[in-house]
Amino acid sequence: MLEAARNDIDIWLVDYRQIEDSTLLEQYAQLLSVEEAARHERLIFTRHRLQFLVARALVRDVLAQYLDIEDPASLEFGSSKHGKPELLIETTLQFNLSHTNGLIALAVMQVDPVGIDVEYLSRQADIKNLTERYFSRDEAEALLALPVEQWNTRFYDLWTLKEAYLKACGTGIRTPLQEFSFIFPDDSGINVSFSPLLKDDPALWKFWQLETEGGFRLSLAVNDKSGIDYRLRIKQGIPLAAYSEISPRLVRSTSI
Ligand SMILES: CC(C)(COP(=O)(O)OP(=O)(O)OC[C@H]1O[C@@H](n2cnc3c(N)ncnc32)[C@H](O)[C@@H]1OP(=O)(O)O)[C@@H](O)C(=O)NCCC(=O)NCCS
């Protein structure tokens, strides 16, 4: 059984591209619910099919271990009003999933709502267009004031933090993206501000940003209800096989 204390935030990472063992993949397929199997069937591209299968296996394998449930296939999932996946049993366990080309990330913790987002840093974003559309004026100005060669990384820094916040809230695109801003006050800090429209409070949030192996930006948002001192634990591995602890570089986090 896996234990997560009240202040533990566990992040599970999988590079699904290295999973080729057909017996293991068959075991993953056996874990799918009827709806998941139908969703899997509808996916056309091999990469999407593999990503989907491994993500389901990761979520089921890991959550079953925290919940001390022997059969990961028996876990049932529903979703909140705005579509955030959740467990259909009485539990304080919280989780959130993100995937991008090459990486699946799962965040698990007790009690506090959590959101995670990962993106591949070398993918060239349509910066001017997306910044104008999705970022606040402060975020856009800070990005465009940087040397051009830093724009793409800063774009993903902001994008993943905004996504992680939306995913912790569970509201997706219903939350207007220009009504909250992330500002980096120095080399290692993250500040957030909300417009009055959002009725949110920066004191209720903690954010972390990591750079993981392979050049991915990972952002994590936690709705911190009790002001505790969180501890990040990061593991990498293969569902139903083995995981090991890793220490990716912390790029920045909320100053405490
Ligand atoms: C789900 C959503 C919140 C994020 O999607 P995404 O970044 O494309 O994809 P990710 O891989 O990071 O996350 C997908 C996972 O989030 C989870 N998810 C789905 N809806 C969610 C919600 N409302 N809240 C939290 N998590 C959600 C699911 O587990 C999903 O994976 P699954 O379908 O395999 O189970 C998306 O619906 C969305 O609304 N994105 C906003 C898009 C946008 O305009 N972003 C601008 C940022 S500046």
Side-chain angles (χ1 to χ4, degrees), residues 11-14 16 28 31-33 35-40 42-43 45 47-63 75-88 93-109 112-120 123 125-140 142-143 151-152 154-183 192 198 207 209 212 216-223 239:
I11 299 174
W12 299 80
L13 302 175
V14 178
Y16 59 88
Y28 295 171
L31 298 179
L32 299 179
S33 67
E35 286 93 6
E36 287 167 345
R39 219 175 128 191
H40 185 231
R42 287 198 295 274
L43 296 171
F45 297 107
R47 174 171 75 77
H48 293 153
R49 290 173 66 83
L50 181 64
Q51 186 177 306
F52 180 85
L53 194 59
V54 178
R56 301 280 74 82
L58 173 68
V59 170
R60 287 181 174 277
D61 179 29
V62 166
L63 295 185
L75 285 175
E76 291 187 88
F77 297 90
S79 56
S80 70
K81 195 166 72 175
H82 297 303
K84 184 171 182 174
E86 47 189 32
L87 282 157
L88 282 187
L93 207 64
Q94 305 286 318
F95 71 97
N96 195 231
L97 178 73
S98 180
H99 22 65
T100 188
N101 192 359
L103 184 69
I104 301 170
L106 171 69
V108 184
M109 64 184 296
D112 298 326
V114 60
I116 191 166
D117 193 58
V118 284
E119 295 288 347
Y120 182 48
R123 202 172 96 197
D126 178 2
I127 294 173
K128 284 221 159 122
N129 195 6
L130 293 171
T131 298
E132 205 168 287
R133 231 167 115 195
Y134 294 118
F135 290 2
S136 71
R137 195 188 309 163
D138 287 348
E139 289 169 335
L143 185 153
W151 284 7
N152 210 55
R154 174 59 63 93
F155 174 82
Y156 285 117
D157 287 343
L158 293 167
W159 181 277
T160 55
L161 280 169
K162 289 176 91 73
E163 283 277 5
Y165 170 73
L166 295 183
K167 293 177 77 185
C169 296
T171 45
I173 43 172
R174 277 167 204 83
T175 300
L177 289 157
Q178 285 159 338
E179 301 296 326
F180 61 102
S181 290
F182 287 96
I183 298 295
V192 67
L198 292 189
F207 300 94
Q209 193 153 65
T212 73
F216 296 94
R217 184 60 87 239
L218 181 157
S219 288
L220 187 76
V222 171
N223 189 193

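The structure displayed is predicted, hence computed values, not measured ones. Just so you know, ligand 1 is whichever comes first in the structure, and atom 1 is the first atom listed for that ligand.
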- Query: Passes side chain to side chain contact (heavy atoms under 4.5 Å, CB included), Leu13 versus Phe216? Steps please.
  - Reply: CA-CA 11 Å; Leu13 302 175; Phe216 296 94; over 6 Å; no
- Task: Would you verify whether the NZ or CZ of Lys162 falls within 45 degrees of the ring axis of Phe180 while also being under 6.0 Å from that six-membered ring's centre?
- Result: yes
- Item | Closest protein heavy atom to atom 26 (N) of ligand 1, given as residue, atom name and distance to 0.1 Å | Asn96 ND2, 3.0 Å
- Query: So, Ser98 side chain and Val118 main chain: donor-acceptor pair closer than 3.5 Å or not?
  - Reply: yes
- Message: Does the protein come close to atom 30 (C) of ligand 1 - that is, does one of its heavy atoms sit below 4.0 Å from that atom?
- Response: no
- Hey, which of Leu143, Asp157, Ile127 is the one that makes side-chain contact (heavy atoms from CB on, under 4.5 Å) with Asn152? Ile127
- May I ask you to decide if Ser219's main-chain N or O and Asp117's side chain share a donor-acceptor pair within less than 3.5 Å? no
- Look up atom 16 (O) of ligand 1 and tell me if a protein heavy atom lies less than 4.0 Å from it? yes
- Message: Let's go through Tyr120 and Leu103 carefully: what are the C-alpha distance in whole Å and the side-chain angles of both, what is the deciding distance for side chain to side chain contact (heavy atoms under 4.5 Å, CB included) to 0.1 Å, and is it a yes or a no?
- Response: CA-CA 8 Å; Tyr120 182 48; Leu103 184 69; over 6 Å; no
- Query: For the side chain of Thr171 and the backbone of Arg174, is there at least one donor-acceptor N/O pair under 3.5 Å apart?
  - Reply: no
- Item | Protein heavy atom under 4.0 Å of atom 37 (O) of ligand 1 | no
- Note on the structure: closest protein heavy atom to atom 41 (C) of ligand 1 is Ile173 CG2, 3.2 Å
- Message: Regarding atom 28 (C) of ligand 1: of the candidates Gly170, Ala164, Gly172, Pro85, which has the closest heavy atom?
- Response: Pro85
- In ligand 1, the atoms that come under 4.0 Å of a heavy atom of Gly83 are 19 (C), 20 (N), 21 (C), 22 (C), 23 (N)
- Query: Starting from atom 5 (O) of ligand 1, which protein heavy atom do you reach first, and at what distance in Å?
  - Reply: Glu163 OE1, 4.3 Å
- Task: Answer yes if a protein heavy atom lies under 4.0 Å from atom 1 (C) of ligand 1, otherwise answer no.
- Result: no
- Is there a side chain to side chain contact (heavy atoms under 4.5 Å, CB included) between Val62 and Phe95 once you walk through the steps? CA-CA 10 Å; Val62 166; Phe95 71 97; over 6 Å; no
- Atoms of ligand 1, numbered as shown, that sit under 4.0 Å from any heavy atom of Asp117: 7 (O), 12 (O)
- Kindly confirm or rule out an N or O of Leu177 lying under 3.5 angstrom from an N or O of ligand 1. no
- Item | Nearest non-hydrogen partners of Ser181 and Ser136, listed with the distance | OG-OG, 2.5 Å
- Stepwise side chain to side chain contact (heavy atoms under 4.5 Å, CB included) check, Phe182 with Glu139: CA-CA 7 Å; Phe182 287 96; Glu139 289 169 335; 3.8 Å; yes
- Item | Nearest-neighbour protein heavy atom for atom 33 (O) of ligand 1, which is reported as residue plus atom name and distance | Arg39 NH2, 2.8 Å
- At what distance is the nearest protein heavy atom to atom 34 (O) of ligand 1, and which residue and atom is it? His99 NE2, 2.8 Å
- Note on the structure: atom 35 (O) of ligand 1: closest protein heavy atom, distance to 0.1 Å, is Arg56 NH2, 2.9 Å
- Query: Do any nitrogen or oxygen atoms of Ser98 lie less than 3.5 angstrom from nitrogen or oxygen atoms of ligand 1?
  - Reply: yes
- Message: Tell me whether atom 43 (C) of ligand 1 lies less than 4.0 Å from at least one protein heavy-atom position.
- Response: yes
- Query: Can you tell me the protein heavy atom closest to atom 25 (C) of ligand 1 and the distance?
  - Reply: Lys167 O, 3.3 Å
- Item | Nearest protein heavy atom with distance in Å, relative to atom 48 (S) of ligand 1 | Trp159 CE3, 3.4 Å
- Message: I need the minimum non-hydrogen distance between Val114 and Lys84, along with the two atoms involved.
- Response: O-NZ, 2.9 Å
